[in-house]
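Down below is the structure, laid out as structure tokens.
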Amino acid sequence: MKTLKQYWNESFSRPNLMPVFDNWLDKYDEYLNKDSGRIVDLGCGIGNNALYLFEKGILAEACDISEEALKKLTEIIPKINTICFDMTEGLPFENDSIRVLIADLSLHYFDEDTTFKVISEIHRVLRLDGLLLCRLNSINEIINKGKVSKSKERYLLENEGIYRRFFDRHEINHFFNENIWTLIHAEEYELDRYKNKKILWEIAMKPRYIV
Ligand SMILES: C[S@@+](CC[C@H](N)C(=O)[O-])C[C@H]1O[C@@H](n2cnc3c(N)ncnc32)[C@H](O)[C@@H]1O
């Protein structure tokens with residue numbers, strides 16, 4: 001097995017990588033403008049979403065475990081603020097400080113306890129009027145390909161030396177407890193950004209506070 005840092009640094013060291021975005025964030029336009037407040041791209045990679053936002057005049061805070069990814073992103077958007085950290089060790093933001101947190105294909109690499117911990121940290125840092133925009137691997141991706149599990153958990157599969165978690169509606173409800181999250185959008189679809197088509201879940205969640 002590799003560490004996530006090793007795996008992603010190797011992956012982002014490949015030459016000629018350029019950000020490519022689809023327009024999944026269009027529907028959240030009312031939340032994504034210069035006056036929205038702080039916008040974080042968590043697990044930003046080389047900046048597919050950061051570049052989308054930059055073209056709308058928004059400088060997101062670009063966060064990733066991979067220095068290689070952040071180096072490439074800075075070559076593309078020199079003005080961007082990058083922060084290198086491992087989200088499994090907590091998020092370096094104050095409580096209730098972030099308006100929109102985007103986690104595009106970046107929350108599905110962890111075991112169950114760690115996934116709960118990361119999601120709880122996201123809840124902690126989001127403002128009351130904040131929004132989590134997130135895309136996650138769908139279980140239908142592996143069901144369709146007939147992949148075999150070598151995993152210690154049913155939905156967590158080892159591949160290329162790291163684990164990847166796969167989600168269905170039940171898993172989404174399991175990790176995003178309805179007592180503290182309000183689901184405002186959930187949709188499963190195919191993405192053809194990569195060489196192989198991906199099936200993923202897009203979800204938008206608002207934090208809830210119980211008084
Ligand atoms: C599939 S890539 C997605 C990149 C980008 N969000 C996108 O949609 O193009 C997953 C990203 O999550 C980052 N990542 C994985 N584990 C992480 C961790 N523990 N802390 C911070 N970033 C992590 C990786 O470095 C990588 O950039």
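If you read the sequence from its start, that first residue is 1, and numbering goes on from there. Atoms within a ligand are numbered from 1 in the order they appear, just like the ligands themselves.
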Exercise. Is the side chain of Glu68 donor-acceptor paired with the backbone N or O of Ser13 at a distance under 3.5 Å, no angle test?
Worked result: no
Problem set entry | Donor-acceptor under 3.5 Å (Asn48 side chain, Phe21 main chain) |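 No: the side chain of Asn48 does not pair with the backbone of Phe21.
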For this session: Please assess Arg135 against Asp22 for the test salt bridge (charged side-chain N to carboxylate O under 4.0 Å, His left out), listing each intermediate value before the final yes or no.
Result: CA-CA 12 Å; Arg135 295 201 290 191; Asp22 56 315; 2.8 Å; yes
Contact atoms of ligand 1, heavy-atom distance to [X] under 4.0 Å:
{"X": "Ser106", "answer": "12 (O)"}
{"X": "Asn48", "answer": "7 (C), 9 (O)"}
{"X": "Phe85", "answer": "20 (N), 21 (C)"}
{"X": "Leu4", "answer": "16 (N)"}

Exercise. Does ligand 1 have a heavy atom under 4.0 Å from the side chain of Phe110, from its backbone, from both, or from neither?
Worked result: side chain
Exercise. Does ligand 1 have a heavy atom under 4.0 Å from the side chain of Cys44, from its backbone, from both, or from neither?
Worked result: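 The part of Cys44 near ligand 1 is the backbone, not the side chain.
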For this session: Apply ring-ring contact (aromatic ring centres under 6.0 Å, His included) to Phe175 and Phe116, showing your working.
Result: CA-CA 6 Å; Phe175 283 105; Phe116 271 118; 4.8 Å; yes
Between ligand 1 and [X], is the shortest N or O to N or O distance under 3.5 Å?
{"X": "Met87", "result": "yes"}
{"X": "Asp41", "result": "no"}
{"X": "Ile65", "result": "yes"}
{"X": "Asp86", "result": "yes"}
{"X": "Asp64", "result": "yes"}

For this session: Using heavy-atom distances, let me know which of Gly45, Ser66, Ser11, Gly43 sits nearest atom 6 (N) of ligand 1.
Result: Gly43
Exercise. Is there a heavy atom in Phe12 that sits closer than 4.0 Å to ligand 1?
Worked result: yes
Exercise. Does Asn49 have a non-hydrogen atom less than 4.0 Å from ligand 1?
Worked result: yes
Exercise. Within a radius of less than 6.0 Å around NZ of Lys5, do more than 12 heavy atoms belonging to other residues, nucleotides or ligands occur?
Worked result: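 Count over threshold, so yes.
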For this session: Evaluate the salt bridge (charged side-chain N to carboxylate O under 4.0 Å, His left out) criterion for residues Arg124 and Glu121: first the C-alpha distance (whole Å), next the side-chain angles of each, then the deciding distance (0.1 Å), finally the verdict.
Result: CA-CA 5 Å; Arg124 177 185 68 76; Glu121 273 291 279; 2.8 Å; yes
Exercise. Does the salt bridge (charged side-chain N to carboxylate O under 4.0 Å, His left out) test come out yes or no for Arg164 and Glu141, once each step is laid out?
Worked result: CA-CA 12 Å; Arg164 288 182 168 79; Glu141 170 139 358; over 6 Å; no
For this session: Give me the ring orientation class for His123 and Trp181: parallel if the planes are under 30° apart, tilted from 30 to 60°, perpendicular past 60°.
Result: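 Ring orientation, 0 to 90° scale: perpendicular.
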For this session: Check the hydrophobic clustering (I, L, V, M, F, W, Y; side-chain heavy atoms under 4.5 Å; chains of links allowed) and say if Tyr31 and Leu59 are grouped together.
Result: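 Looking at the clustering, Leu59 is in the same group as Tyr31.
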